[in-house]
Every structure is written in structure tokens, then in C-alpha cells.
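Count residues from 1 along the sequence. Every heavy atom of this structure was used, including side-chain atoms; hydrogens, water molecules and symmetry mates were not.
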Amino acid sequence: MAKKTRGRPAVDTEAVNLRLPREMIEVVDAQRRNEEDLPTRPAMIRRMLKQWCHDRGIDVEE
């Protein structure tokens with residue numbers, strides 16, 4: 001069975017609400033359009049943050 005890609009994140013999570021400048025939102029949206037599966041904004045932000053951690057040698061679970 002295929003893994004669902006939409007819906008609530010994993011159970012062991014916590015909501016983080018933040019405001020971003022319009023310019024940052026435009027960057028997130030531009031990157032979303034480069035992805036084959038067009039993730040939601042929150043999903044794209046999670047991907048970007050995970051990549052940021054990876055680039056710094058920080059191991060994070062999804």
C-alpha cells in the first residue's frame with residue numbers, strides 16, 4: 001500500500017506557528033513548484049529545514 005503524502009504529520013509532532021515576510025513565502029512557493037509532487041507550504045518548509053540540518057551534519061528524523 002502506498003504511503004499517504006497529505007494529511008496530519010506523524011503523531012510525535014508539535015505545531016509551530018510563525019509569520020514569514022512575503023519574500024520568504026515567495027521563495028518557498030517557488031521551490032514547491034520545482035518539486036515533482038507539489039508539496040504543501042508546510043511540507044516544503046519541513047523539507048527545506050531537513051535539508052538545512054543535513055547540510056550541517058545534524059541528523060533529524062521525519
(message) For the CZ atom on Arg22, are there more than 12 heavy atoms of other groups (residues, nucleotides or ligands in this structure) within a distance under 6.0 Å?
(response) no
(message) Ignoring hydrogens, what is the shortest heavy-atom contact between Leu38 and Arg32? Give both atom names and the distance.
(response) CD1-O, 3.6 Å
(message) Can you give me the closest heavy-atom contact between Met44 and Pro39, atom names plus distance?
(response) SD-CG, 3.7 Å
(message) Please report the interatomic distance CG(Asp29) to CG(Asn34), rounded to the nearest 0.5 Å.
(response) 11.5 Å
(request) Could you check Glu14 against Asp12 for side chain to side chain contact (heavy atoms under 4.5 Å, CB included), going step by step and ending with a plain yes or no? (result) CA-CA 7 Å; Glu14 184 174 338; Asp12 188 23; over 6 Å; no
(message) Restricting to non-hydrogen atoms, name the atom on Ile25 and the atom on Leu20 that form the minimum distance, rounded to 0.1 Å.
(response) CD1-O, 3.7 Å
(request) Treat each ILVMFWY residue as a node, draw an edge where side-chain heavy atoms are under 4.5 Å apart, and state whether Val28 and Leu18 are in one component. (result) yes
(request) Just jot down the side-chain hydrogen bond (donor to acceptor under 3.5 Å, both in side chains) partners of Asp55, sequence neighbours excluded, or say none. (result) Gln51
(request) Give a yes or no on this: more than 12 heavy atoms of other residues, nucleotides or ligands lie within 6.0 Å of atom CE of Met24. (result) no
(request) Calculate, to the nearest 0.5 Å, the distance between atoms CZ and CD belonging to Arg47 and Gln31 respectively. (result) 11.5 Å
